[in-house]
Amino acid sequence: MNTKQTYISEIGGHLGEEVAIKGWLYNKRSSGKLGFLEIRDGSGLIQGVVSKKDVSDSTWDASERATQESSIIVRGAPREHPKKPGVYELDVHELEIVQLAHEYPITPKEHGVEFLMDHRHLWLRSRRQQAILRVRHEIIRAVRDFFDDDGFILCDTPIFTPAACEGTTTLFEVDYFEDKAYLTQSGQLYNEATAAAFGKVYCFGPTFRAEKSKTRRHLTEFWMVEPEVAYAKLDDIMTLAERFLSSIVGRVLDRRKEELKQLERDTAQLEKIVPPFPRLQYDDAVKLLQQGHAEGNLESRFEWGGDLGSPDETYLSGLYDKPVMVHRYPAAVKAFYMESDPDRPDLALCVDVLAPEGYGEVIGGGERAASLELLMQRINEHGLPESAFDWYLDLRKYGSVPHAGFGMGIERAVTWICGLEHVRETIPFPRMLYRLKP
RNA sequence: UCCUCAGUAGCUCAAUGGCAGAGCAUCCGGCUGUUAACCGGGGGGUUGUAGGUUCGAGUCCUACCUGAGGAGCCA
């Protein structure tokens, strides 16, 4: 067994050669003296064929004994599949069992969500989960490349924070020596500091929300990428968001065709994601929602002044085949740091980007309050302790400029791009209400 | 926190208030081109928990536990 290891994804370049595949037994079928082994090695899947008359007794015996997910090293010669043109199989010469797997819980039949989530550490080995996580990987690479190539500096923000960033959502509290700390719910306030240092910055890391949300769109721990740009206005970051989303969707279409096919994603819907995206002012969104209600397509009538609910977002996003950017919400329903519209001071210069096909909000952002006076007024209105924000207020004392940014939840983007029902499959080990294991 | 639904073999499910079953997995046997392979056989159960109704409860009632979906809130 000295043959060099070859990855299944590279096997096409080694036809007729003797190669070694180091991996696991995915599934097995046999037809008497002929065995069919589905072998995976992380890079792909290949069928190995073992013929009793052509191999040693020990190899034949190993092929019969090997159980699902046993780790195996297989030596043989890759060749074209006799029935499937363009597909390779491995003519197995030698098979060694590295470890004989115990009875594997995830059998080749259907399973329920709870069972699969309890076995998430093993579920990750399945084809579908691998396809999703490869798309996630591609999206993360695309995100980094987009900002890196556009002159942004990665400036990661702290995970332990002294107080609420936004003072709205519930935070996870942890002991911090003799003090209390909270897990971050956004890097944005710190981004504003680094943006004043570097001009264009982004942070990308885990984010925590202790909300008792129990829906297919929520995790308690998720990854968020947040760009922040000095001297940018609302329109500038809407344009940025538009270019950004188009870029990552295009990248996945370009490089992860196989995975999207495996997931049975309708890629025609993704091909449409190119600038410009529709921009819808909140006032007009309200009119559309009320019209939708009048026509019987929305259960409750939406009144001006409230934040968009989940059914409202679903309805609005269903009106377009591209992400729709809803901007200028009433300031009262948005975070304290939002800049107000000079023409309509009751409106905040903010934007939510709703993904099409009913996927809802994937991006939220806006222009930040630039003046010390407005910010202090807002902090008081929201009943927040001024002392917690002293350093943040400094940013308005020393060279304050208009600036704007947004945040995108990676898992929601992956859910949308993969066309999934639930965010829980888009992160290796999801953390949800009532789900902390494995 | 609220609303709805569901818990039966390791897994996915069936069983009119009347003997608790099938497929997959596992074990044994068969099969030289299989594709969630197939064919024959074996083992495998405190029906989520605690009460109650009944001659008799997996099935009906009450409470609790666990999970799923939705609302609110959010990315």
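Labels below follow one simple rule: chain letters A, B, ... track the order of the sequence lines, proteins then strands, and each chain is numbered from 1.
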Who are the side-chain hydrogen bond (donor to acceptor under 3.5 Å, both in side chains) partners of His14(A), not counting sequence neighbours?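 Only Glu17(A) meet the side-chain hydrogen bond (donor to acceptor under 3.5 Å, both in side chains) criterion with His14(A).
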Could I get the full list of side-chain hydrogen bond (donor to acceptor under 3.5 Å, both in side chains) partners for Glu425(A), not counting sequence neighbours?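 If we apply the side-chain hydrogen bond (donor to acceptor under 3.5 Å, both in side chains) test to Glu425(A), skipping adjacent residues, the hits are Arg128(A), Gln129(A).
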Measuring only the C1' atom in each nucleotide, how far is C39(B) from C31(B)? A whole number of Å is fine.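 It comes out at 8 Å once rounded to the nearest Å.
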How would you list, by chain and number, every residue that makes a ring pair (Phe, Tyr, Trp, His ring centres under 6.0 Å) with His93(A), sequence neighbours excluded?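 With neighbours one apart ignored, the set is empty.
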List for me each residue that meets ring pair (Phe, Tyr, Trp, His ring centres under 6.0 Å) alongside Phe146(A), sequence neighbours excluded, and say none if there are none.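 Residues passing ring pair (Phe, Tyr, Trp, His ring centres under 6.0 Å) with Phe146(A): Phe244(A).
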For [X], enumerate each residue passing the side chain to side chain contact (heavy atoms under 4.5 Å, CB included) test, keeping only those at least two apart in sequence or located in another chain.
X	answer
Ser30(A)	none
Ala196(A)	none
Lys212(A)	Leu433(A)
Glu64(A)	Trp60(A)

What is the nucleic acid contact for [X], judged by heavy atoms within less than 4.0 Å: base, sugar-phosphate only, or nothing?
X	result
Glu421(A)	nothing
Leu219(A)	base
Asn27(A)	sugar-phosphate
Gln47(A)	base
Gly309(A)	sugar-phosphate
Ser310(A)	sugar-phosphate
His119(A)	nothing
Lys53(A)	base
Arg65(A)	nothing
Lys334(A)	nothing

Using the side-chain heavy atoms of [X], tell me which of these nucleotides is nearest: [options].
X	options	result
Ser213(A)	C74(B), G33(B), G72(B)	G72(B)
Asp307(A)	U32(B), A37(B), C74(B)	C74(B)
Glu313(A)	U32(B), G70(B), C74(B)	C74(B)
Glu361(A)	C73(B), C31(B), A75(B)	A75(B)

[N] OP1/OP2 closer than 4.0 Å to side-chain N/O of [X]:
X	N	value
Lys214(A)	A68(B)	yes
Thr215(A)	G70(B)	no
Lys212(A)	C73(B)	no
Arg127(A)	U35(B)	no
Arg29(A)	C39(B)	no

Side-chain contact, heavy-atom cut-off 4.5 Å: Ile11(A) with Glu89(A)?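 Ile11(A) vs Glu89(A): side chains apart.
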On the side chain of [X], is there an atom forming a donor-acceptor pair with the base of [N] - under 3.5 Å, no angle test?
X	N	answer
Arg424(A)	G67(B)	no
His102(A)	U26(B)	no
Ser31(A)	C38(B)	no

Without decimals, in angstroms, what is the distance between [X] [atom1] and [N] [atom2]?
X	N	atom1	atom2	value
Leu116(A)	A25(B)	CG	P	17 Å
Tyr359(A)	C74(B)	OH	C1'	19 Å
Arg40(A)	U35(B)	CZ	C1'	18 Å
Phe172(A)	C74(B)	CZ	C1'	13 Å
Gln185(A)	C73(B)	CD	P	15 Å
Lys33(A)	U34(B)	NZ	P	17 Å
Lys83(A)	A37(B)	NZ	P	14 Å
Glu64(A)	U26(B)	CD	C1'	16 Å

Take Glu381(A) and Arg378(A), measure what salt bridge (charged side-chain N to carboxylate O under 4.0 Å, His left out) needs, and give me the verdict at the end. CA-CA 5 Å; Glu381(A) 282 170 5; Arg378(A) 285 286 151 78; 3.3 Å; yes
On RNA chain B, does the nearest nucleotide to Leu308(A) precede the nearest nucleotide to Gly32(A) from the 5' side, or the other way round? Give the residue.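 Going by which nucleotide is closer to the 5' end, it is Gly32(A).
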Toward the 5' end of RNA chain B, by each residue's nearest nucleotide, His81(A) or Val333(A):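 This one resolves to His81(A).
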Taking the inter-plane angle between the rings of [X] and [Y] on a 0 to 90° scale, is it parallel (under 30°), tilted (30 to 60°) or perpendicular (over 60°)?
X	Y	answer
Phe152(A)	Tyr202(A)	perpendicular
Phe115(A)	His119(A)	tilted
Phe406(A)	Phe147(A)	tilted

Secondary structure of RNA chain B in dot-bracket form (Watson-Crick or G-U wobble, distances below 3.5 Å, | marking inter-strand pairs): (((((((..((((....[..)))).(((((.......))))).....(((((..]....))))))))))))....
Between the protein and nucleotides 44-48 of chain B, which nitrogen or oxygen pairs are less than 3.5 angstrom apart?
none

Euclidean distance, Arg424(A) CZ relative to Leu219(A) CG, rounded to 0.5 Å: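 Here the interatomic distance stands at 10.5 Å.
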Going by centres under 5.5 angstrom and planes under 30 degrees, do the aromatic ring of Phe222(A) and the base ring of A75(B) stack?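 Phe222(A) vs A75(B): stacking yes.
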Result block: side-chain N/O donor-acceptor pairs under 3.5 angstrom for residues 283-290 of chain A, not counting sequence neighbours:
residue   : atom : partner   : partner atom : Å
Asp283(A) : OD1  : Trp304(A) : NE1          : 2.7
Asp283(A) : OD2  : Arg344(A) : NH1          : 3.0
Gln290(A) : NE2  : Phe302(A) : O            : 2.8

Produce the list of close N/O pairs, under 3.5 Å, pairing protein atoms with atoms of nucleotides 7-14 of chain B; give distances to one decimal.
residue : atom : partner   : partner atom : Å
C11(B)  : O2'  : Glu110(A) : O            : 3.3
C11(B)  : O2'  : His111(A) : ND1          : 2.4
U12(B)  : OP1  : Gly112(A) : N            : 2.9
U12(B)  : O4'  : Glu110(A) : O            : 3.2

